[in-house]
*Asks:* 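Right, I'll just put the structure down here and ask away after.
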Amino acid sequence: MIEFKTQLDFNAQKALNKMNIKKAIVIFVVLSLFIIGIGVTGIVMAEDNSDVIAGITLIIVGALFTPIVLLINEYAQSVVRKTSPFLQNPTKEIYRFNEEGFEHLQKRGESFYSHTKADYTYFYKVISTPKYYFMYIASNQCHVINKSHITQGACEELDALLARKLPVGKFKNASK
């Protein structure tokens, strides 16, 4: 059996957001470059001063687009951190993995208790990074497990178990 004792807090949320932003940053940069390219084209092909002004404006907008989107994302995440009671008063979690399936227990004070027991088909996909396991139960819902919080077994054992139990392509080991 492999076991992790952790807590659902803003660090888990921050790690998940960082991973998802890495995927989207390419799109933001390409869109910025596209807007800058339109601006440069507008200046090069300018017929009058209004075309040059529009081109300069587009270059400025393109240069500021990605940083502004990242700042808006960071602000939105801080709002989530401040308004989510489960992140303010951390929810204790225990994850247990064995050959038959996995078990997830959550407890926050006296107000909340949850117990999930399922086989590995529960997971949509699992990504193992050097520091975390991102265990997706849907394309936009994910359990985040900090690997340093392992209390029984080894991460290599869990990697092997997940590789065996999940369908081909549903386990990605990005820590290598």
Side-chain angles (χ1 to χ4, degrees), residues 1-34 66 69-70 72-81 83-109 111-176:
M1 178 173 64
I2 300 109
E3 180 181 82
F4 295 86
K5 288 186 179 177
T6 186
Q7 62 186 22
L8 183 59
D9 61 11
F10 72 92
N11 290 323
Q13 184 234 4
K14 196 173 185 179
L16 181 59
N17 185 52
K18 183 178 177 183
M19 178 150 168
N20 288 329
I21 284 296
K22 281 182 183 177
K23 295 175 190 174
I25 197 80
V26 172
I27 295 168
F28 298 147
V29 169
V30 167
L31 191 54
S32 288
L33 292 174
F34 181 71
T66 298
V69 168
L70 293 175
I72 290 169
N73 176 64
E74 186 57 38
Y75 173 74
Q77 293 304 313
S78 71
V79 168
V80 168
R81 282 191 294 271
T83 60
S84 298
F86 60 90
L87 293 175
Q88 304 242 328
N89 182 8
T91 303
K92 304 291 183 199
E93 296 185 299
I94 298 174
Y95 291 90
R96 293 185 183 121
F97 301 87
N98 58 42
E99 287 295 325
E100 291 76 43
F102 94 103
E103 189 175 13
H104 178 219
L105 296 99
Q106 291 180 306
K107 184 171 175 35
R108 189 180 64 141
S111 63
F112 176 74
Y113 177 80
S114 173
H115 180 206
T116 303
K117 195 171 186 177
D119 64 23
Y120 291 98
T121 60
Y122 175 77
F123 296 116
Y124 171 73
K125 68 180 176 181
V126 176
I127 300 172
S128 173
T129 69
K131 292 176 114 178
Y132 297 97
Y133 284 104
F134 295 97
M135 300 189 156
Y136 288 85
I137 59 174
S139 62
N140 62 351
Q141 291 181 306
C142 182
H143 295 277
V144 180
I145 303 173
N146 188 326
K147 288 183 173 181
S148 67
H149 294 162
I150 194 164
T151 56
Q152 189 174 340
C155 291
E156 294 78 17
E157 289 178 69
L158 182 55
D159 289 350
L161 180 66
L162 293 170
R164 268 193 333 271
K165 295 292 186 174
L166 292 172
V168 174
K170 294 296 182 177
F171 175 68
K172 180 181 175 191
N173 191 344
S175 57
K176 293 181 179 177

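Values in this document were obtained by computation on a predicted structure and should not be read as measured data.
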*Asks:* Of all heavy-atom pairs between A174 and P130, which one has the smallest distance, and what is that distance?
*Replies:*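 What the structure gives for the nearest pair is O-CD, 4.1 Å.
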*Asks:* Hey, what do you get for OG1 (T6) to OH (Y95), rounding to the nearest 0.5 Å?
*Replies:* 7.5 Å
*Asks:* Quick check for you: to the nearest 0.5 Å, what is the distance between L161 atom CG and I2 atom CD1?
*Replies:*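 Taking CG in L161 and CD1 in I2, the distance rounds to 5.5 Å.
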*Asks:* Has Y122 got more than 12 heavy atoms of other residues, nucleotides or ligands less than 6.0 Å from its OH?
*Replies:* yes
*Asks:* Could you tell me if the ring centre of F102 sits under 6.0 Å from that of F123?
*Replies:*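 Under 6.0 Å, so yes.
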*Asks:* Measuring from atom NZ of K5 to atom CD of Q152, what distance do you get when rounded to the nearest 0.5 angstrom?
*Replies:*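 CD of Q152 is found 9.0 Å from NZ of K5.
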*Asks:* I need the Y75 OH to I72 CD1 distance, nearest 0.5 Å.
*Replies:*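 It comes to 11.0 Å.
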*Asks:* Would you mind reporting whether Y132 and I127 have side-chain heavy atoms less than 4.5 Å apart?
*Replies:*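 Not touching, per the 4.5 Å side-chain cut-off.
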*Asks:* What pair of heavy atoms forms the shortest contact from H115 to L105, and how long is it?
*Replies:*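 Heavy atoms only, the tightest pair is CD2-CG, 3.8 Å.
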*Asks:* So Y136 and V126, do their side chains get closer than 4.5 Å, heavy atoms only?
*Replies:*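 No, every pair of side-chain atoms sits at 4.5 Å or beyond.
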*Asks:* Can you check side-chain contact (heavy atoms from CB on, under 4.5 Å) on K125 and K172, steps first, answer last?
*Replies:* CA-CA 8 Å; K125 68 180 176 181; K172 180 181 175 191; over 6 Å; no
*Asks:* Could you go through R96 and E3, starting from their C-alpha distance and side-chain angles, then the distance that decides it, and tell me whether this counts as salt bridge (charged side-chain N to carboxylate O under 4.0 Å, His left out)?
*Replies:* CA-CA 4 Å; R96 293 185 183 121; E3 180 181 82; 2.6 Å; yes
*Asks:* Between Y133 and D159, is a side-chain contact (heavy atoms from CB on, under 4.5 Å) present by the stated rule, with each step listed?
*Replies:* CA-CA 10 Å; Y133 284 104; D159 289 350; 2.7 Å; yes
*Asks:* Heavy atoms, side chains only, cut-off 4.5 Å: are R108 and Q106 in contact?
*Replies:*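 No, their side chains stay 4.5 Å or more apart.
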*Asks:* Between T151 and I94, is a side-chain contact (heavy atoms from CB on, under 4.5 Å) present by the stated rule, with each step listed?
*Replies:* CA-CA 10 Å; T151 56; I94 298 174; over 6 Å; no
*Asks:* Starting at CD of E74, measure out to CD1 of I21 and round the result to the nearest 0.5 Å.
*Replies:* 9.0 Å
*Asks:* Distance under 6.0 Å and angle within 45° of the ring axis: does K147 meet both against F4?
*Replies:* no
*Asks:* Return the minimal non-hydrogen interatomic distance between T66 and S32, and the atom names on each side.
*Replies:*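 For T66 versus S32, the nearest heavy atoms are OG1-OG, 2.7 Å.
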*Asks:* Would you mind reporting whether F97 and M135 have side-chain heavy atoms less than 4.5 Å apart?
*Replies:*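 A side-chain contact under 4.5 Å exists here.
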*Asks:* Going by heavy atoms in the side chains, are L162 and N173 under 4.5 Å from each other?
*Replies:* no
*Asks:* Atom CZ in F171, atom CG in L158: separation rounded to 0.5 Å?
*Replies:* 7.0 Å
*Asks:* Could you check E99 against R164 for side-chain contact (heavy atoms from CB on, under 4.5 Å), going step by step and ending with a plain yes or no?
*Replies:* CA-CA 10 Å; E99 287 295 325; R164 268 193 333 271; 2.3 Å; yes
*Asks:* E93 and Q7: which non-hydrogen atoms are nearest, and at how many Å?
*Replies:*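 The answer is OE1-C, 4.0 Å.
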*Asks:* State, to 0.1 Å, how close Y120 and N98 come at their nearest heavy-atom pair, and which atoms those are.
*Replies:*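 Nearest pair, atom of Y120 first, then N98: OH-O, 2.7 Å.
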